Student: 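Sharing a structure here in structure tokens format.
Computed from a prediction, not measured in an experiment: that's the story for all the values here.
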Amino acid sequence: MLYEESMSGGQAHTTFEKLKICFLLTYLFMTETDREYISLPVDEYVSHHRGRYESLHRKSIEDADEFWNEHASILEWYSKWDRVLDDTKAPFFRWFINGKLNVSYNALDRHVKSHRRNKAAFIWVAESGAEKIVTYHGLLKRVNAFAKALLDAGLKKGDRIAIYLPMIIEAPVVMLAAARIGVAFTLVFSGFGSNSLAERISDCGAKVVVTADGANRGGKLIELKKIVDDAVEQATTVEEVIVVKNTGNKVEMVEGRDYWYHEVTKDQNVFVEPEKMDSNDPLYILYTSGTTGKPKGVVHGNGGYSVWISNTLKWAFNPQEDDRWWCAADIGWVTGHSYIVFAPLLLGLTSIMYEGAINYPEPDRMWEIIEKYGVNLLYTSPTAIRMLMRYGDAYPGKHDLSSLRVLGTVGEPINPAAWHWYFRTIGKSKCPIVDTYWQTETGGFIISPAVDLGIGSLKPGSATFPMPGIDPVILDEEGKEVPVGQKGFIAVRKPWPGLMLGLNNDPERYKAVYFSKYPGKYFNGDYAMKDSDGYYWLLGRSDEVMKVSGHRIGTIEIEDALVSFKEIAEAAVFSKPDVVKGEAIVAFVITRQGFSPGKEMTEKLKKGIRETMGPILVPDEIHYVGSVPKTRSGKIMRRVLKAVYTGQVPGDISTLENEASVDEIKEAIESLRAQTKR
Ligand code: PRX
């Protein structure tokens, strides 16, 4: 069921628009009683006309050079580019050719020289309730001190480091310090285990790993340093490990390899000259899942990426100078890179950075923080909204949430029920919901309402319209545009500045994954539909990639992890719908001869995956079967498994090698259901 919510009312609307809405309301109420419409009062900061959006979008597509010449001046450049876009080596697009800049200068020094010197860059809040306010000036000092430590460790422009830190201030400090001296970093989500960490360190060739003694989450201690020790045994490129004292738990320090962060940054009064980076030099590498076991190292550059994320944050959320912005993601994902660290700092905003779980110690933790710090712009995930919604309205009801002006979501499609709750209960029916659609590879939002440019009406569950610079199209298998209202594969016809530079060490994979299905167009693996009003609806992944609590996980990563146990011969993994997490992981495994399946084995498999891969990859269910459905060429048909499991018709099974396996799986599932009923 699709609802349309009008962001209408107030002076910003013409009488004609109001009449149109009234007419629509009456008409739709008459035809479908379960449709519901809300008229939103106009907020003083929000223009509800789409006029500015439409002309800006048109210009960005028709005259991209002029458009980006203008919009790249959101940053300060040491020297201007000679050309906006070089597409001669497409699909390796390069932006702002020969333009020179430094991201840490733009994020810090520029503000320190201005009226923002003593403005809070971050209000950091710990799970324990402790808080720390770090001003732009204070952050610059910390960044200089750590940049000096990296130089002292012998690092230079072009080198790489890995960061394995929780949500503490040192994480943005290290990212910016690396950017300052031209060292590319890879920041690995602190929920990944030692094998996942080692694989990423090795692929990017990191010489230094920055970590912490431990992290607090949900009242538990995570021993990060131990995980790094295991990873570094496997990854041979590492010369130094720098450890932040965060929790104070005892850790083993290896002589000559491990150093304390507070010791290497003792001198807080240093200045490190920022490197003049080429626009297309890499800024960071962020690993993400795909359809093969090996994660993809997405490389983002300095110039195009920074231009993209700062403009998109401004367009989508319309932040004001005195606003408090809270992106409640983890810094380990692209959302954290782009919209906790780089974009808000590039725009000179004040961000809340929260270290812990949003429902700990009480389910109203998020609402308490919003009230206490007067958060104006909140950006979180549909999973978080669904989880908090289940606790009921009394928790947000205890808090004054009137500071909120814009509410955002990211990472997965938002279902209308969660949208409505967010809109009514949290936003008190006055805050637009900015459903941002994008990916690690796109750098920043590509389809999203644009509060700054005029959003018109919102439809719950639709990410609305493309950002300026984005030219999407929905195609069928053969590359033909599908008619309006039909589901197809979403692709983008033109490059934009935030698009990754490529995949680390793997140009062929970059071309094959993103540019071979539809030559000349960026294909990103999602299903989508455009409705008759031109709104885009994102309809989930079209490939073997799952979104579990918004985390992107390849089914094959978990299958590889399962078959690495001596007990397991084969594994097939897929996802099932989950009311909170969006999707939950289900595994069907075949044991090797001589091993007996059961509870004990399940525990062992889960524990092993938690340690080596990380808790987010642990399957919710593991089932034991004698065979799994496969094509005659030996490919596991996860589609069939998923259909049987979710009680749907499995579709075409003519290519199956072993049709009997379908019945076997059905039986296994039935017996399982019978057991759970008992
Ligand atoms: O399937 C889409 C889904 O998340 C994928 C990208 O995941 P990742 O690279 O981890 O980045 C997540 C943060 C941007 C997409 O291919 N996705 C992301 N945002 C939305 C979404 N699906 C529907 N609606 C969204 N707003």
Student: Using the test side-chain hydrogen bond (donor to acceptor under 3.5 Å, both in side chains), find all partners of Arg257 that sit at least two apart in sequence or belong to another chain.
Tutor: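 With sequence neighbours excluded, Arg257 shows a side-chain hydrogen bond (donor to acceptor under 3.5 Å, both in side chains) to Asp229, given in chain and number order.
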Student: Could you please spell out the steps behind the side chain to side chain donor-acceptor pair (under 3.5 Å) verdict for Thr436 and Tyr379?
Tutor: CA-CA 9 Å; Thr436 63; Tyr379 187 38; 2.6 Å; yes
Student: For Lys314 versus Leu347, what's the shortest heavy-atom pair and its separation?
Tutor: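 Taking every non-hydrogen atom into account, N-CD1, 4.1 Å.
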Student: Leu286 versus Leu187: any side-chain heavy-atom pair under 4.5 Å?
Tutor: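 In short, these two side chains do not touch, never coming nearer than 4.5 Å.
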Student: Salt bridge between Asp230 and Lys226, side-chain N to carboxylate O under 4.0 Å?
Tutor: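 A salt bridge is absent here (no side-chain N lies under 4.0 Å from a carboxylate O).
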Student: Any donor and acceptor pair, going by atom type alone, linking the side chain of Glu557 with main-chain N or O of Gly554 inside 3.5 Å?
Tutor: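 Side chain of Glu557 to backbone of Gly554, a donor-acceptor pair under 3.5 Å: yes, one is there.
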Student: Without swapping roles, check the side chain of Lys547 against the backbone of Gly582 for a donor-acceptor pair under 3.5 Å.
Tutor: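 Judged by distance alone, no pair lies under 3.5 Å.
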Student: Between Asn144 and Arg180, is a side chain to side chain donor-acceptor pair (under 3.5 Å) present by the stated rule, with each step listed?
Tutor: CA-CA 8 Å; Asn144 271 316; Arg180 193 166 188 88; 3.0 Å; yes
Student: Could you check whether any side-chain heavy atom of Phe185 comes within less than 4.5 Å of a side-chain heavy atom of Val210, counting everything from C-beta outward?
Tutor: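 The answer is no, as the side chains (C-beta and beyond) never meet within the 4.5 Å cut-off.
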Student: Check whether any side-chain N or O of Tyr395 sits under 3.5 Å from a backbone N or O of Arg365 as a donor-acceptor pair, and report yes or no.
Tutor: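 Not a single qualifying donor-acceptor pair exists.
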Student: Check whether any side-chain N or O of Gln268 sits under 3.5 Å from a backbone N or O of Thr265 as a donor-acceptor pair, and report yes or no.
Tutor: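 Indeed, once roles are kept as given, a pair shorter than 3.5 Å links the two residues.
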Student: Mind listing the closest non-hydrogen atom pair of His111 and Tyr136 along with its distance?
Tutor: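 Heavy atoms of His111 and Tyr136 come nearest at CD2-CE2, 3.4 Å.
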Student: Would you say the side-chain atoms of Asp159 pair up with the backbone N or O of Leu155, donor to acceptor, closer than 3.5 Å?
Tutor: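 Such a contact is absent between Asp159 side chain and Leu155 backbone.
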Student: CG/Asp322 to OG1/Thr350 distance, rounded to the nearest 0.5 angstrom?
Tutor: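 Separation between the atoms: 8.0 Å.
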Student: If the condition is ring pair (Phe, Tyr, Trp, His ring centres under 6.0 Å), which residues does Trp326 pass it with, not counting sequence neighbours?
Tutor: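 Per chain and number, Trp326 pairs via ring pair (Phe, Tyr, Trp, His ring centres under 6.0 Å) with no residue.
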Student: Decide yes or no on side-chain contact (heavy atoms from CB on, under 4.5 Å) for Val410 and Phe445, but give the supporting numbers first.
Tutor: CA-CA 9 Å; Val410 59; Phe445 318 145; 6.0 Å; no
Student: Identify whether the distance between the nearest side-chain nitrogen and carboxylate oxygen of Glu611 and Lys607 falls below 4.0 Å.
Tutor: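 Yes.
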Student: Within a strict 4.5 Å, meaning less than it, do heavy atoms of the Asp152 and Val264 side chains meet?
Tutor: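 Asp152 does not reach Val264 side chain to side chain.
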Student: Could you name each residue pair satisfying ring-ring contact (aromatic ring centres under 6.0 Å, His included) that touches residues 208-263, not counting sequence neighbours?
Tutor: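 Residue pairs passing ring-ring contact (aromatic ring centres under 6.0 Å, His included), neighbours aside: Phe146-Tyr261, Trp260-His262.
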Student: Please determine if Glu131 and Lys372 form a salt bridge, counting it only when a charged side-chain N lies under 4.0 Å from a carboxylate O.
Tutor: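 Counted as a salt bridge, because a side-chain N and a carboxylate O are separated by less than 4.0 Å.
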Student: Given the rule in the side-chain contact (heavy atoms from CB on, under 4.5 Å) test, do Val298 and Met500 qualify, once you have shown the distances and angles that lead to the verdict?
Tutor: CA-CA 6 Å; Val298 170; Met500 68 192 138; 3.7 Å; yes
Student: Between Met366 and Leu388, is there a side-chain heavy-atom distance shorter than 4.5 Å?
Tutor: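 Leu388 vs Met366: side chains touch.
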Student: Show the atom names and distances, to 0.1 Å, of all donor-acceptor pairs under 3.5 Å that link a side chain in residues 328-336 to residues at least two apart or in another chain.
Tutor:
residue	atom	partner	partner atom	Å
Asp330	OD1	Gly332	N	2.7

Student: State whether the side chain of Asp213 and the backbone N or O of Gly248 hold a donor-acceptor pair below 3.5 Å, judged by distance alone.
Tutor: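 Yes: the side chain of Asp213 pairs with the backbone of Gly248.
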Student: Glu412 pairs by side-chain hydrogen bond (donor to acceptor under 3.5 Å, both in side chains) with which of Arg552, Arg386, His551, Arg541?
Tutor: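 That would be Arg386; it is the only one of Arg552, Arg386, His551, Arg541 passing the side-chain hydrogen bond (donor to acceptor under 3.5 Å, both in side chains) with Glu412.
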Student: List the atom pairs, donor and acceptor, that lie under 3.5 Å between side-chain atoms in residues 231-245 and the rest of the protein, sequence neighbours left out.
Tutor:
residue	atom	partner	partner atom	Å
Gln234	NE2	Asn195	OD1	3.2
Thr237	OG1	Ala206	O	2.7

Student: Can you tell me how far CD1 of Ile609 sits from CD1 of Ile622, rounded to the nearest 0.5 angstrom?
Tutor: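 Reported value, rounded in 0.5 Å steps: 6.0 Å.
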Student: Side chains of Asp435 and Trp419: donor-acceptor distance under 3.5 Å anywhere?
Tutor: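 No, no side-chain donor-acceptor contact under 3.5 Å.
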Student: Can any side-chain N or O of Asn376 pair as donor or acceptor with the backbone N or O of Leu404 at less than 3.5 Å?
Tutor: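 Not at all, since once roles are kept as given, no pair shorter than 3.5 Å links the two residues.
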Student: Should Leu313 and Leu349 be marked as a side-chain contact (heavy atoms from CB on, under 4.5 Å) after you check the CA-CA gap, both sets of side-chain angles, and the distance that decides it?
Tutor: CA-CA 11 Å; Leu313 180 57; Leu349 300 178; 4.0 Å; yes
Student: Could you tell me which non-hydrogen atom of Asn246 sits nearest to which non-hydrogen atom of Gly214, and how far apart they are?
Tutor: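 That closest heavy-atom pairing would be ND2-O, 2.9 Å.
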Student: Salt bridge or not for Asp620 and Lys576, using N-O below 4.0 Å?
Tutor: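 Answer for the salt bridge query: no.
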Student: Any idea how Trp325 and Tyr339 line up, ring-wise: parallel (<30°), tilted (30 to 60°), or perpendicular (>60°)?
Tutor: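 Rings of Trp325 and Tyr339: perpendicular, over 60°.
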Student: For a 4.5 angstrom cut-off between non-hydrogen side-chain atoms, does Ile163 reach Val188?
Tutor: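 Ile163 does not reach Val188 side chain to side chain.
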Student: Could you tell me whether the side chain of Leu139 reaches within less than 4.5 Å of the side chain of Leu345, counting heavy atoms only?
Tutor: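 In short, these two side chains touch, coming nearer than 4.5 Å.
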Student: For Tyr391 and Met387, which heavy atoms make the closest approach, and how far apart are they?
Tutor: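 Here Tyr391 and Met387 meet closest at CD1-O, 3.5 Å.
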Student: Is there a side-chain contact between Ser351 and Pro344, using heavy atoms and a 4.5 Å cut-off?
Tutor: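 The answer is yes; the side chains approach within 4.5 Å.
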Student: Sequence neighbours left out, what pairs pass side-chain hydrogen bond (donor to acceptor under 3.5 Å, both in side chains) with at least one residue falling in residues 160-171?
Tutor: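 Applying side-chain hydrogen bond (donor to acceptor under 3.5 Å, both in side chains) to every pair that reaches into residues 160-171, excluding sequence neighbours, yields Arg160-Asn504.
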Student: Distance check, rounded to the nearest 0.5 Å: Ile309 atom CD1 versus Ser338 atom OG?
Tutor: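 Between atom CD1 of Ile309 and atom OG of Ser338 there are 4.5 Å.
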Student: Determine yes or no for a side-chain-to-main-chain donor-acceptor pair under 3.5 angstrom, with Lys119 supplying the side chain and Thr135 the backbone.
Tutor: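 No, Lys119 side chain to Thr135 backbone: no donor-acceptor pair under 3.5 Å.
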Student: Is there a donor-acceptor pair closer than 3.5 Å between any side-chain N or O of Glu371 and the backbone N or O of His399?
Tutor: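 It does not hold such a pair.
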Student: List the atom of Val434, the atom of Ser448, and the distance in Å for their closest heavy-atom pair.
Tutor: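 Here Val434 and Ser448 meet closest at CG1-OG, 3.3 Å.
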Student: For the residue pair Arg200 and Phe192, would you count it as a cation-pi contact if the rule is NZ or CZ under 6.0 angstrom from the ring centre and within 45 degrees of the ring axis?
Tutor: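 Pair Arg200/Phe192 counts as cation-pi.
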Student: Hey, is the main chain of Glu583 close enough, under 3.5 Å, to the side chain of Ser575 for a donor-acceptor pair?
Tutor: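 Pair absent, no side-chain N/O of Ser575 close to backbone of Glu583.
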Student: In this structure, is the centre-to-centre distance between the rings of His337 and Tyr284 below 6.0 Å?
Tutor: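 Here the rings of His337 and Tyr284 have centres that are less than 6.0 Å from each other.
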Student: Mind listing the closest non-hydrogen atom pair of Ile426 and Pro396 along with its distance?
Tutor: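 It is CD1-CB, 3.7 Å.
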Student: Calculate, to the nearest 0.5 Å, the distance between atoms CG and NE2 belonging to Asp109 and His137 respectively.
Tutor: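 Result: 10.5 Å between the selected atoms.
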Student: Looking at Lys225 and Glu252, is there a salt bridge between them, counting it only when a charged N and a carboxylate O are closer than 4.0 Å?
Tutor: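 A salt bridge is absent here (no side-chain N lies under 4.0 Å from a carboxylate O).
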Student: Supply the atom-to-atom distance Ile181 CD1 to Leu176 CG, rounded to the nearest 0.5 angstrom.
Tutor: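 One gets 12.0 Å once the value is rounded to the nearest 0.5 Å.
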Student: Pair Lys113, Tyr105 - check side-chain contact (heavy atoms from CB on, under 4.5 Å), show working.
Tutor: CA-CA 10 Å; Lys113 286 187 199 159; Tyr105 174 87; 2.6 Å; yes
Student: Applying side chain to side chain donor-acceptor pair (under 3.5 Å), run through Asn318 and Gln320 and close with a yes or a no.
Tutor: CA-CA 7 Å; Asn318 188 26; Gln320 304 294 305; 3.1 Å; yes
Student: What distance separates Ser190 OG from Leu165 CG, expressed to the nearest 0.5 Å?
Tutor: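 Rounded to the nearest 0.5 Å, the OG-CG separation comes to 8.0 Å.
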